[in-house]
Each structure stands twice: as C-alpha cells, then as structure tokens.
Amino acid sequence: MRIATWNVNSVKAHLDAVLAWLKEAKPDVVCLQEIKCEDHAFPAFEFEALGYSCAVHGQKTYNGVALLSRYALEDVEKGLPGGDGDDHARFIAATVVGPAVVRVASLYLPNGNPAPGPKYDYKLAWMKRLEAYARKALLQEEAFVLAGDFNVIPEPRDARFPENWTRDALFLPQTRAAFSALKSIGLTDGYRAVHPLKTGAYSFWDYQAGAWQKDNGILIDHLLLSPQAADRLTGADIHKHVRGWEKPSDHVPVMITLK
DNA sequence: ATGGTAGCGGTGCTA
C-alpha cells in the first residue's frame, strides 16, 4: 500500500499537476495540505473519476487538509484535539480499510514565523497537542501514519544551506527538540528509516530567488509511523521531478510503501 | 536590511 503526503499550495490552482501525478504514481492514499478552499469547493469529482474517495477539512483562503483513498475511509476525525478556539483547518484523520487497515492523518503543522512571537507560541503548542494525540493513539497498538507538512527541518543535512535557517521557526532548536520528542515516544520517520544516510533529499523549494534552480531546498514533509506501521515499511521516495513541472506547488510528494 | 515569488481576493496576509 502506497501512502503519500503532498502540500499542494491550493488544490484548485494546481489541480492539473495533482491529477497528473496521481495517474503517474498511483498512490493508494494521499494526504493533502494547504488545499486553500472550503469543503464545497474541493474538486472531489475529479478525484472520484480516478477512483479515489475523499475526506475534506477545508477553510477559505488558508490551510485546509484532505485525504484521498482508493479504499474506504471510515471514522473521519476533523481537527486536532485540544484546540480550545483554534479554528485553523490543519488536521484530518481516517481509517483506511483496504488489504491492510491503517489509520492515516493528514496534518499541516503551523509555520511559526516570525519567531519568537505569538505565531511561534502557536506552533509549539500545536506540536504539544500532536504529541498528546500520538501518545493516545499508540495505546491502541495499531498501525497508523501521521503524514504532512510538519514545517520542521529535523537536521542540518535536511537543508541545502542550513546556515540560512538558524533563526527560522522551521529550524530553531526548540522546534527540532519538539519534533525529536514526538518521534521519541515511539514513532518512526518513514523516509529516514529507508534512507538513513541520504543527504540532499528535499521536499520544498521556495518560489523565490531561484531556489529550485539552485537546489536550495529543505525537507519538511514527513511521515511518522507507529511500530505496527513501521514493521510493514518497505520503501520511501521523494518525487522531486514534480517540482520541475509547469505551474508546480512549492512542495513535492513524499511516498512510503507498506506491505 | 531588503527583496525575491505565489495564491487568494481584490488589500494585505501567509508562506
């Protein structure tokens, strides 16, 4: 079973690229972020025509997450628990009932810039909430995957120019520590488990200043696996070529394979 | 320190 995550930076603006990639890569489950539309405006018909079911947690203009699946999506959960007034659409989870059963979450973790400040406080609080969610989920002892744009550069090797990011919310020590703490409760980074020594692997290149042409990228789109999911992990790949397509998202898909 | 680009929506915010 192939499970991918992709921040599409508006599902409507980049629909052609999304559909082309689905036909090419044939993922079974896709976690989308930054769909930037409300539920009623989500192009479900186009995805259903390719054989996907959809679960959508959208909002106007900003954020918005969704799940696409070739198999049935059950027990859809919208919003990360513990919000208390948090109205950003950044989290959706559902159980994929296919040849194997796996619960999948599509998440769009807050960017957090500028740091320090209220946006950074929100990011760190959101990471705490995600850790609490994951701790609870681990008690089920079932396969699950937390996939999305984490807006975290975990290590210096995950940036082409790490020195450019030292004061950025994506790379601050507190951010990296929170991500490390999240993994340490018992989650496996899917891409890193398959490619432990790889360098120069990125999932995002800014539109500005020719970042793509210079390969000035960062790896911020991740898939974290429960032990039961990690036991089934057989592959992981970054679909870098998609960034070179016409009118691309600034992120590319990252996909894992579970047996 | 600034500006570089993109999407949304029709101005400035978010990234």
Side-chain angles (χ1 to χ4, degrees), chain A residues 5-21 31-43 46 56-66 79-80 83 85-91 106-127 130 147-154 158-172 174-176 178-179 202-222 239-254:
Chain A
T5 181
W6 193 6
N7 179 325
V8 292
N9 185 24
S10 169
V11 71
K12 286 188 282 184
H14 298 126
L15 184 59
D16 289 347
V18 175
L19 294 173
W21 179 75
C31 301
L32 299 176
Q33 300 89 37
E34 279 208 273
I35 62 172
K36 293 187 175 178
C37 67
E38 295 178 284
D39 293 9
H40 67 81
F42 187 79
E46 283 85 346
V56 184
H57 184 35
Q59 91 181 62
K60 188 193 278 257
T61 311
Y62 302 119
N63 311 314
V65 287
L80 185 62
D86 181 2
D87 57 355
H88 291 198
R90 296 180 175 276
F91 184 94
S106 175
L107 65 95
Y108 179 43
L109 207 146
N111 175 293
N113 281 303
K119 289 189 176 179
Y120 192 57
D121 295 341
Y122 173 58
K123 177 179 193 145
L124 293 177
W126 208 94
M127 294 182 84
L130 183 60
D149 177 359
F150 281 72
N151 270 313
V152 174
I153 303 167
D158 298 317
R160 177 74 174 78
F161 300 107
E163 63 274 19
N164 291 354
W165 299 91
T166 50
R167 275 174 288 276
D168 194 284
L170 281 61
F171 193 56
L172 283 172
Q174 259 192 294
T175 305
R176 295 165 56 194
F179 186 70
Y202 312 123
S203 63
F204 168 90
W205 296 258
D206 203 294
Y207 290 123
Q208 303 184 70
W212 168 244
Q213 288 74 14
K214 298 174 195 165
D215 196 29
N216 177 9
I218 52 177
L219 180 55
I220 58 174
D221 299 274
H222 310 294
H239 291 220
K240 180 176 182 176
H241 66 287
V242 174
R243 186 63 177 78
W245 286 359
E246 197 154 338
K247 214 166 153 344
S249 169
D250 41 6
H251 296 247
V252 297
V254 182

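Convention: sequence-line order gives letters A, B, ...; per-chain numbering from 1.
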Quick one: CZ on A:Arg167 to CG on A:Asn113, what's the gap to the nearest 0.5 Å?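 That separation rounds to 12.0 Å.
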Please report the interatomic distance CG(A:Asn216) to CG(A:Asp206), rounded to the nearest 0.5 Å.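 Output value for this atom pair is 8.0 Å.
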May I ask you to check whether A:Trp21 and A:Trp245 place their ring centres under 6.0 Å from each other?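 Between A:Trp21 and A:Trp245, which both carry aromatic rings, the centre distance is not below 6.0 Å.
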Let me see the working for A:His14 and A:Asn9 under side-chain contact (heavy atoms from CB on, under 4.5 Å), right down to the final yes or no. CA-CA 7 Å; A:His14 298 126; A:Asn9 185 24; 3.9 Å; yes
5'-most contact on DNA chain B: A:Lys12 or A:Tyr62, nearest heavy atom basis?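 It is A:Lys12, whose closest nucleotide lies nearer the 5' terminus.
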For DNA chain B, whose closest nucleotide is more 5', that of A:Ser10 or that of A:Glu34?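 Mapping each residue to its closest nucleotide by heavy atoms, the 5'-most match is A:Ser10.
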Got a donor-acceptor contact below 3.5 angstrom from the A:Trp6 side chain to the A:His251 backbone?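 Indeed, once roles are kept as given, a pair shorter than 3.5 Å links the two residues.
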I need the [atom1]-[atom2] distance between [X] and [N], as an integer number of Å.
{"X": "A:Asn164", "N": "B:dG4", "atom1": "CG", "atom2": "C1'", "answer": "14 Å"}
{"X": "A:Asn216", "N": "B:dG3", "atom1": "CG", "atom2": "P", "answer": "19 Å"}
{"X": "A:Leu170", "N": "B:dT14", "atom1": "CG", "atom2": "P", "answer": "16 Å"}
{"X": "A:Lys60", "N": "B:dC13", "atom1": "NZ", "atom2": "C1'", "answer": "15 Å"}
{"X": "A:Asp87", "N": "B:dT14", "atom1": "CG", "atom2": "P", "answer": "13 Å"}
{"X": "A:Ile35", "N": "B:dG7", "atom1": "CD1", "atom2": "C1'", "answer": "14 Å"}
{"X": "A:Gln59", "N": "B:dC13", "atom1": "CD", "atom2": "P", "answer": "17 Å"}
{"X": "A:Gln208", "N": "B:dA15", "atom1": "CD", "atom2": "P", "answer": "14 Å"}

Are OP1 or OP2 of [N] and a side-chain N or O of [X] less than 4.0 angstrom apart?
{"X": "A:Lys247", "N": "B:dG7", "answer": "yes"}
{"X": "A:His14", "N": "B:dG7", "answer": "yes"}
{"X": "A:Lys36", "N": "B:dA6", "answer": "no"}

Pairwise P distance, B:dT14 and B:dG10 [rounded to whole Å]: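 Approximately 15 Å lies between the P atom of B:dG10 and that of B:dT14.
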With rounding to whole Å, what would you report as the distance between B:dG4 and B:dA15 at their C1' atoms?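 Those two atoms are separated by 13 Å.
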When we call it a touch if two heavy atoms are under 4.0 Å apart, what does A:Tyr108 touch: a base, just sugar-phosphate, or nothing?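 Sugar-phosphate contact only.
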Classify the nucleic acid contact of A:Arg90 as base, sugar-phosphate or nothing, counting any heavy atom under 4.0 Å across all strands shown.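 A:Arg90: backbone/sugar contact only, no base atoms under 4.0 Å.
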